[in-house]
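Structure first, commentary second.
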Amino acid sequence: MKQFIVRRVGYSLLSLFLLSVTIFLFVRVTGDPTTLLVEPGASPEDIENMRHQFGLDQPLWVQYWLFATSFVTGDLGQSFYYRTPVLELYFQRLPNSLQLAAVAMVLSLLIGIPSGILAAVRVGGFWDSAGKTFSLLGLSLPQFWVGLVLILFFSVYLGWLPSSGSGGILHLLMPAFTLGWYFAAAHMRLTRSSMLEVLDSEYVKLARLKGLPEALVIGKHALKNALIPVITLAGINLVVMINVAVVVETVFAWPGIGRLLYEGITFRDFPVVQCVVVLGGSMIIVVNLLVDILYAYIDPRIRLES
Amino acid sequence: MANKLLSLENVSAHYVSQQGTRVVRAVDEVTLSLDAGETLGIVGESGSGKSTLALTILRLLPKAARIVGGRIMFEGEDLVDKPAAEMRRVRGKRIAMILQDPMASLNPLFTIGDQVGEPLRVHEGASRSSAWQRAIDLIKSVRIASPQTRVAQFPHEMSGGMRQRIVGAIGMSCEPRLLIADEPTTSLDLTIQAQYLDLLRELQRTHGLALIFITHNLGIVAKMCDQLAVMYAGRVVEQGPVSRVFSQPLHPYTKALLGSIPRMTEEREQLTAIDGQPPDLANLPAGCSFAARCPAAFARCQVEAPPDFTVEPGRSARCWLAAPTVHASIDQTIPLSRSAAS
Amino acid sequence: MTVTTTPLAAAAASPAARTLKLWRLEGFPLIPVLILLLIAFVAVFADFLAPYDPQIGSLARRFRPPAWEAGGSMAHLLGTDHVGRDVLSRLIFGARVSMVVGLTAVLVAGGIGTLLGILSGYLGGWVDQVIMRVTDAWLALPALTFAIFLAAIVGPSELNIIVILGGVYWTRYARVVRGEVLSLKQREFVRLAVVAGCSKWLIMRRHILPNVLNSAIVLATLMLGVVIVTEASLSFLGVGVPPPKPAWGLMMADGKKGLMVGYWWLTVFPGICIMLMVLSANLLGDWLRVKLDPQLRQL
Amino acid sequence: MTAVMEAKGLSKHFQARRGLFGGSRGVVRAVDEISFAIETGHTLGVVGESGCGKTTTAKLVLGLETPSGGSIQFEGRDLETLDTPGRRRYRKSVQAVFQDPYASLNPRMRISAIIAEPLVTNEKTVAPEVRHRVLELLDLVGLPERSADLFPHEFSGGQRQRIAIARALVLSPQVIVLDEPVSALDVSIRAQILNLLRSLQTRLGLSYLFIAHDLAAVAHMSHEIVVMYLGKIVESGEARALALSPKHPYTKALFAAALPSHPDERSDEPVLQGEVPSPLSPPSGCHFHPRCPHATARCAQEAPRLRPVEGRQVACHLFE
């Protein structure tokens, strides 16, 4: 177990390293980094100063060292627009993103898991095709379109829900649904396929042969096994949700991290963009690590095999 | 017939494709019977309908399949038209079944005690604690050491051999009268297979069980069974006491099958090969379904399917050669090997 | 000795004939395929089909509603936008942008991903380690966020979008293809090819590549939908295809401002176009997955 | 009688280590100093349960794995010392037929291309000659000529195995490794393939290395048999004698566990208890001692060597 954790942490650190190298290289190698890292409209002396400060006159590996150490010490730069450290901005917005993601996650599980189970139990039947259609729509419809149609309907025509901003629960409904639908579809698909796989397993067959009532076969023997991968995915997706809500938050003007990213792009505020991307990637790597370790605790077979 | 434990009378089960255009006669007019405490082997190649037959008896056929005719008499009751809820009370309580892969038959997330005691709780309304106690006894009865600790463990904490025994204990939990084993040993190594067969034999002795072995392996039948039924293309083509069928097969298919297995005890240059492939069950020929591959087939076989001829009490074959008049000369009409025939 | 076999006809004809029949009968997604063909047709012949120049409008004709609404006219069937450009013409040229970007990006992602997936899976060892570690690291970034980041660096243009989407999505390809290759590698015909003395490159070309092609095609079809949505999202956020080029996502972003005052057609029509295209691609992909590649069914 | 192939002290050890940060977890001695000889025109059968090393042995002979120790000699010459043309000749002389007829043929290639692949890869041959050879082989394995232009999915399991055999024969090899060649086939088809293999052996003078878990099939096909347990040979000798009167306690137990071919042959020998230990940590001394009914204190400490016993080789302290 210890060995497994050490190995898994090693992989994660490697991933973080490669991620930082990727981001670093993209910024330095494609075009002139000064245009990104230096405020628009800076004077030539300022630019020269900045070049020196970022070490852009140094060899590439020295530049990387500066870049990496500043990240590790939590110095992600200043926002050009807000004139505050980007990390501060990030943590200001994080609670809003968490709120949105949590509600969207609850919605997606409430929709995704029961419909996935139903589709698997009635495979080939009406509920299966209904669920398939629902999930296909969820995966196919662009989120900004869903958001705009919801606004058109609930805000413009019916006037029931506020179209943008944050505040009460009413503000949350539409963005959470828009974000949640995509994930509900993903959770439904996974629940269905994992349920189908479990229903085909020998131990479920044996449960039937024991003469258990169908409700017990599905509710006890099949469900618990089938939900393990779904819960795992949901755990990872919660973090993913925080980081992919950019479109939803833009449409509904929800002041989360996605909105911050959008502002970063529109105001050409590159330190903000870089911060959101780096922290998002790191967060997901860490969550993957935690899930893997947790998994190994639950199911010792994984430790031995992988 | 009345004192038989299980008797199947002209049982047929068909698969019907979604459009209803393809009908696969997986089990066709099967008649079989089994006494209490007896062991029956059902032998056939893949696609012969032997596994479908097991699921038919337990009424656990997949959705696409249904029983289209016949009676399944078990302890004097017809299982075919039993309501689903009552049928459920037969499974696990009066008829138990063991699946192909004993290693994968245990749910990884529940304790051994839970899984062994589960049938008791469902069928006999045992309380959690009494089911647990009886699970300990059952685990002890399949000769697993320190049952008190084992009962609280999870399947992955046990070796493959122990899991096999646990599956046996689950089957025995409600003291069933009949145990069906579907290809119980295909995935096992030889010595492990022998241990498993030994365990089943022991359970049979101590519990007075009747056993049905569904297998493609004639060796298992030779080792374990009293009675034998040979299936081909959904039908039982020959049945009878094992030693009689092995020594004097009536049906050319049985004969060829016996001739096709290599034997340790005698040197044979050539094995009897059965040419060709089994027929498509959705598109069976008009006559005998084995006629196309049969070295002894004659004109009548191509046009008319033979009925089940009873040759002597408890012995029958679906072959024109077994018809009363020609029976005496069977050994002369069927050549032993294909090479001798051509 | 005589070795006789059944006449092949019985065994040989039936599976082939059955495959053909299944192909024809079982749930072929006719309507989605027709929609995709229609969009492709429109994209190719946009110059002949569009009634107006998609990039030039007149402020005098701003915000005209569709023909069937009060105030609409047959001159602008689907109305005009905030600078008086014909919505229908922009949709028609937008089809070209979506098709070109979607198909080339999938081709780029698929090409890189399949190649690296095969190398990684078949060669194993350090090649596998390097490729898979990079893939893991890149996969940690949500695709859209990654694409936004890249777009923010290299700046928006149609070509850049293609390169960005290809760069973001090849990792998914590589993962799936590698998995497939690992299972193929265990198949006995690959081991027999080694016994026969085939070189690694020959085995990858002759035995591995043709057998992962099915999965690659299925994945490409499913990926087409994803790529188109991402492209539209990037355009919507202002880092995609630069204005005044008519891209569907961009049209919706422009139309968003008019939504609250009731100019619904500016967002609804491009939205429907995106939806139809993505849905069709996904339906086709789902069907192909079941038909071509039973192993991917669980995906 | 000359041996076409001989293994001397052949070993294959695997490091149980995975990935970049895996660290070593010990050594698996999949094959541990085994020696055997395949006589020209004969069949050497290898039997044993899963984990005994029989598949690794096949891979070593086929060059799919490189040995960690010992040597393989082909026609009296050590493989290690062979030059490039010599190795090429070896590769052409040793071919294989595997278990799963559905996985053995590339589904994207026509039968003619599948059969011809070893020929085209190894020799400069013109197309008509290749075609001629393919048709000749199809005839040899009992398939009609028009099979050449079909794809694998158009054939049944037995027919595919015939195709696999034809492919193995295309370079006119001397040795064919048969790794469970009939286990995946239906009972009635098995006999067809076994008969075909035997007749090909007599007609073409082939030598087989036959690996199977079906003891009766091995006894039927083989001239000599090697019994393996956890990477080591525990007994070897003339096939029939070994099958009828096994000497090593493991061989005895194995053959006792084999199913009878007739109800009258039911044996009442006690069944061997316990399971095969993990090859990661095999028992000390004789690997079989924890399950052996005759084990003594010595067996736990000292591994027995193969010794000649009544014209056979047995590795057991009982026979010293």
Side-chain angles (χ1 to χ4, degrees), chain B residues 43-48 159-162 185 188-199 216-226 228 241-247 253 256-278 293 337-339, chain D residues 47-52 142 155-159 182-183 185-196 198-199 202 212-221 239-240 243-244 250 253-267 269-278 291:
Chain B
V43 169
E45 297 176 73
S46 48
S48 63
S159 73
M162 277 193 245
T185 60
L188 306 177
D189 266 329
L190 267 182
T191 56
I192 307 294
Q193 166 179 286
Q195 289 170 15
Y196 198 39
L197 293 176
D198 221 33
L199 172 74
H216 67 273
N217 190 337
L218 282 164
I220 287 185
V221 177
K223 187 177 170 72
M224 300 290 290
C225 301
D226 310 315
L228 166 62
V242 168
S243 55
R244 298 278 296 129
V245 176
F246 268 73
S247 313
Y253 176 64
L257 215 49
L258 287 167
S260 73
I261 16 173
R263 293 188 179 192
M264 217 100 71
T265 46
E266 56 183 279
E267 180 92 38
R268 282 194 284 190
E269 265 311 305
Q270 285 280 304
L271 304 169
T272 317
I274 308 176
D275 295 330
Q277 316 291 328
R293 302 172 76 188
S337 77
R338 178 73 189 162
S339 39
Chain D
V47 296
E49 295 176 280
S50 45
C52 75
F155 295 87
S156 70
Q159 290 167 331
V182 295
S183 314
L185 303 176
D186 254 327
V187 186
S188 70
I189 310 295
R190 283 183 195 177
Q192 293 177 10
I193 300 300
L194 291 179
N195 283 347
L196 173 66
R198 275 189 79 146
S199 86
T202 31
H213 65 262
D214 179 354
L215 296 180
V218 175
H220 172 76
M221 291 292 291
R240 189 136 301 271
L244 291 179
Y250 175 67
L254 193 65
F255 280 85
L259 295 164
S261 49
H262 196 281
D264 298 345
E265 296 164 14
R266 288 181 193 178
S267 74
E269 295 232 11
V271 168
L272 182 63
Q273 293 305 313
E275 293 162 55
V276 181
S278 157
R291 302 174 76 191

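Order of the sequence lines fixes the chain letters, A, B, ..., with proteins taken first and strands second; residue numbering starts at 1 for each chain. All of these numbers come straight from a predicted model, not from anything done at the bench. Atoms considered below: every heavy atom in the structure, side chains included; atoms not considered: hydrogens, waters and symmetry mates.
Contact of D:Leu194 with chain B is made through the side chain alone, with heavy-atom distances under 4.5 Å. Proximity to chain B (any heavy atom under 4.5 Å) is shown, for D:Leu215, by both the backbone and the side chain. Heavy atoms of D:Leu244 lying under 4.5 Å from chain B belong exclusively to its side chain. Contacts between D:Ala216 and chain B at a heavy-atom distance below 4.5 Å involve backbone atoms as well as side-chain atoms.
To the nearest 0.5 Å, the span separating CG on D:Leu259 from CG on B:Leu190 amounts to 7.0 Å.
Annotation: ring-ring contact (aromatic ring centres under 6.0 Å, His included) contacts of B:Phe246 (sequence neighbours excluded): D:His262. Residues satisfying the side chain to side chain contact (heavy atoms under 4.5 Å, CB included) criterion with B:Ser159, sequence neighbours excluded, are B:Met162, D:Glu275.
Of the residues listed (D:Ile189, D:Asn195, D:Val187), the one engaging B:Ser260 in a side chain to side chain contact (heavy atoms under 4.5 Å, CB included) is D:Val187, and it is the only one.
When all heavy atoms of B:Asp275 and D:Gln192 are compared, the closest pair comes out as CA-NE2, 3.4 Å. In this structure, D:Ala217 and B:Pro262 approach most closely via the heavy-atom pair CA-CG, 3.7 Å. Among all heavy-atom pairs drawn from D:Asp186 and B:Ser46, the shortest one is OD2-OG, 2.6 Å. Taking both residues in full, the closest heavy atoms of D:Ala257 and B:Ala194 are given as CB-CB, 3.7 Å, listed atom of the first, atom of the second, then distance.
For the options D:Gly158, D:Ala239, D:Ser188, D:Ala219, heavy-atom pairs under 4.5 Å to chain B are most numerous at D:Ser188.
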